[in-house]
Each structure stands twice: as C-alpha cells, then as structure tokens.
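Below: one structure, written as structure tokens.
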There are 2 protein chains.
Amino acid sequence: MFTSLLDHIQKFITLDFEEIDILESKLSLSKIKKKEHLLKEGQVCNTMYFITNGCARQYIINPRGTEQTLQFAIENWWITDYLSYHNNTPSHFYIQTVENCEIIALEKNTLESILIQIPKLERYFRIVSQKSFGATQMRIKFLFTMSAEERYNHFKNQQPDFVQRVPQYMLASYLDFSAEFMSKIRAGKV
Amino acid sequence: MFTSLLDHIQKFITLDFEEIDILESKLSLSKIKKKEHLLKEGQVCNTMYFITNGCARQYIINPRGTEQTLQFAIENWWITDYLSYHNNTPSHFYIQTVENCEIIALEKNTLESILIQIPKLERYFRIVSQKSFGATQMRIKFLFTMSAEERYNHFKNQQPDFVQRVPQYMLASYLDFSAEFMSKIRAGKV
DNA sequence: TGAATTTCTTGAAGCAGTTCAAGTTTTTTA
DNA sequence: TAAAAAACTTGAACTGCTTCAAGAAATTCA
C-alpha cells in the first residue's frame, strides 16, 4: 500500500521490519480529485504531501490575476511549503492537484512522532531536501541563462513525457513565459 | 572558536557536552581572502561551507561571459552545491568569497563520520536545508511577480545592511537584471 | 601616494517577450 | 451527445529591460 514511499525511503536509508510496521501504522493514503487544493494562500501549512500517483503543483496568483506555477510534483516527490511549515506563518502559495492523485499526507505532529521512533528518517528527509534544493539552484541557473525557447526545449528534452501531462499554460508559467508565447514557440513562429 | 556554528545548531537541536567535544575535535576554521574560490565549475563539490564571518557567493558565467550570482551566504549560512555533493557530478557553479572570510569547511567524509557519532545532527541539517528550500521558493516567487525595480526595493527593505556589503553589479545579477539597469534604478531614471 | 584596477554611470538603439482581443479547438460534464 | 468550460492560437501594438560604448568615480595595492 505504501510501497512507493517505502521504496523511496530505502533508496537512502535501510529500514528493518519493525520500522516499516511503525511507519505503515502511521501513514494514510488519500485519493484526491483533479484540481482540488491541498493548501491555499493564507493558510498555515502543517502537512507534507508525498505523491504516489498523479501530479500536483505549487502556484501563486500574480498581481495581474494570472496563475504562475512555481513547482510541479509527480510520483515519488514531496511537495509542501517548508517556510510556512517551519515558521508557522501563512503560506504565500497554493498547492493543487493537476491530475487525480493518490497522496500520502503527513502532518507535522504525525511526522514528529514518527521521527522520535525512527530517528534515522531524519537522514532520509535531509538528503531528499538537500537534493531538491540543489535541483532548484539548477532551475534558477536555467531561468537566468536561457531564452524562453531554450528553456522550453531543454525541459522537453529532459522530461519528454511530462510535457504531455500538464496544460501548456501551466508549463509556460513554470518556465516563466506567457501561454501565448508558448503557442508561438511550439508553432515555430519565434 | 566554533561558537557561531554551535549556537546555530543549538537553535534547532540540543547538544550535550560530549557531543560538543566530538564536534569541536572534527571541525576546523579557515581564513579565506576576498575573491578566492571554494569551488569552480567542473569540480566535484565534496564540501559544505559554513560562514562564520564574511560573505561568499555562488555564481555562474553566462553565455555572454558575464558573471551571474545565484546565491549569497553571510554569517551563519551554509553554502555548497548539493547536487554535485550528493551525485558526485561536476558542479555547474563557482563558489567564491566576496569578503575576507572565516569559514568552517566540512568535507563529506568528515561529516559522515560526525553524523555516525551524533545522529541527531541529521535533524539539524534537515531543518536547515528545508528552510533554505522554502526561502528559495519565495525567491522564485519574487523573480516571477515583481519588476526589476520592485525586486531591488524589496531586497533593500529586507536586507538594508547587506546592500552596502557587495558590489552593485553582483546584487543586480542576483536580482536578475543588468548592472547598468541597477544604476538607473538607483538614480531614479526608470 | 600614484598607478592600476575595479566599479559605477549615462544615453542611444534594439529586441525578447508581454498584453490584449478575438477566434478556434479540445476536453469535460450533465 | 450537446452544451459548457477549458485550453490553445494568432497577429498587432507595445514595453521593460538589455546591449553597447565610453567615460567617471571609487577602491586597491605596490
């Protein structure tokens, strides 16, 4: 039932049977329909979400009223607002499913009690978040150095399947250009 | 000698005397002159750097040959390339001191041996990196939604002292606009 | 201190990408 | 399966910021 998360954890640390039991007893899997919100701007985020199936995104609504996606999460990714989570401050972000999803929602209280029983999981979450941080630095590099068309082609080469999975306007905003410009890039009119 | 790091750690976890001794026995403080490199593009990054005094930055050289700063680190910040660090891949980044610095350089091997003796430090590094990740998400939000002038004013309001500490052209590139445009913003010619 | 280097400033020309508006296509839902 | 909603396309007008070039000011260092 939680094999995808257990497998992911065991890429980084080794769990024994007892620990797996503890973990399984505390986790729960939810089915969430497409376009539902896991977090809205202004709420304090006290939950981490692990996607076992489907796709979610973190987005904002910009001053012009347009949604801009800051992050996507697919199978085997965690998504949350860590700043709101750690500081107990209202979030600046929305988190929303993009497809029907199966998600493990892990509340702060639950996670803390798990971490007391299985301290080794601290290591798992450390490594996962350090790697995410590293990936985000690369993302900023691409945003800084590539043209819109280069960013699109680069992304398409790196994640060819994913490009099909989300509406173009969401991907356009993730790559920091307009939906209209995305159309022109794809049509070769640039 | 390592009080700034020890204090920082103890904001998140509690260390006993024995653990502090172990830690102190494994750490070393280096003085690094302004403009020296801690990491160059192409090298595998196997060290994390904690700034106890001074300022460093992570930057790239863009296709036009101009340096672009992706990240600054001042007192009580860690700086490294986590992607290169974890994957043992050549780094895409330079890390360089911006001022004369006092730095705790923590090599991967050393850190791993410390973490075996003091597993609770996993928690410290987890929380620190999750908070950094959260801060980077906010940074991307600002890059996406604010004009160049707004980004400058926002940064100046948040970090008034820091603006004085680094050359304007470095800050301009960190805020993702040109050094020339920074001049015009500051002169009110925009 | 004086020379060399680094950093900052200014204006002119240009362009990558936005905004707007309207229409078309595709997908979802009742 | 028809109607509604969501997503995509297109062109025209515009603009925020870049690039270039050259000089001025500030800082560093021998």
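Numbers restart at 1 for each chain; the letters A, B, ... are given by sequence-line order, proteins then strands.
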Subject >> Between P of D:dT10 and CE of A:Met182, the distance in whole Å >> reply: 14 Å
Original post:
Taking side chain as C-beta onward, heavy atoms only, is B:Phe50 less than 4.5 Å from B:Asn76?
Top reply: yes
Original post:
When all nucleic acid strands are considered with a 4.0 Å heavy-atom cut-off, which category describes A:Phe181: base, sugar-phosphate, or nothing?
Top reply: base
**OP:** Write down the distance between CG (A:Leu143) and P (C:dG17), rounded to a whole number of angstrom.
**Re:** 12 Å
Original post:
Is there a side-chain polar atom (N or O) of A:Arg186 under 4.0 Å from OP1 or OP2 of D:dC8?
Top reply: no
Original post:
Among A:Gln58, A:Arg139, A:Arg57, which residue meets the side chain to side chain donor-acceptor pair (under 3.5 Å) test with A:Tyr174?
Top reply: A:Arg139
Original post:
DNA chain C: B:Glu180 or B:Met170, which has the more 5' nearest nucleotide?
Top reply: B:Met170
Subject >> Nearest-nucleotide pick for A:Ser178, side chain only, options being D:dC17, C:dT18, C:dG17 >> reply: C:dT18
**OP:** Verify whether the ring centers belonging to B:Phe162 and B:Phe72 lie closer than 6.0 Å.
**Re:** yes
Original post:
Think A:Lys35 has a side-chain N or O under 4.0 angstrom from the OP1 or OP2 of C:dT27?
Top reply: no
Original post:
Below 6.0 angstrom between ring centroids: does that apply to A:Trp78 and A:Phe125?
Top reply: yes
**OP:** Considering just the side-chain nitrogens and oxygens of B:Lys184, establish if one lies under 4.0 Å of OP1 or OP2 belonging to D:dG16.
**Re:** no
Subject >> Centroid-centroid distance, B:Phe133 to A:Phe133, less than 6.0 Å >> reply: no
Original post:
Would A:Ile127 and B:His86 satisfy side-chain contact (heavy atoms from CB on, under 4.5 Å), going step by step from the backbone distance to the final call?
Top reply: CA-CA 8 Å; A:Ile127 294 173; B:His86 282 293; 4.0 Å; yes
**OP:** With heavy atoms under 4.0 Å as the rule, sort B:Lys189 into base, sugar-phosphate or nothing.
**Re:** sugar-phosphate
**OP:** Have a look at B:Tyr169 and say if it touches a base, only the backbone sugar-phosphate, or nothing, with a 4.0 Å heavy-atom cut-off.
**Re:** sugar-phosphate
**OP:** Check the distance between C:dT27's C1' and A:Glu99's CD and give it to me in whole angstrom.
**Re:** 15 Å
Subject >> Between C1' of C:dT26 and CD of A:Gln168, the distance in whole Å >> reply: 11 Å
**OP:** Using five base pairs at each end, measure the axis-to-axis angle across the helix from C:dT1-D:dA30 to C:dA30-D:dT1 and round it to 10 degrees.
**Re:** 70°
**OP:** For B:Lys34 and for B:Asp176, locate the closest nucleotide of DNA chain D by heavy-atom distance; then report the residue assigned to the nucleotide nearer the 5' terminus.
**Re:** B:Asp176
Original post:
In Å and rounded to the nearest 0.5 Å, what is the CG to CD distance from A:Asp7 to A:Gln10?
Top reply: 7.0 Å
Original post:
Which nucleotide in the set C:dT6, C:dG17, C:dC8 lies at the smallest distance from any side-chain heavy atom of A:Phe177?
Top reply: C:dG17
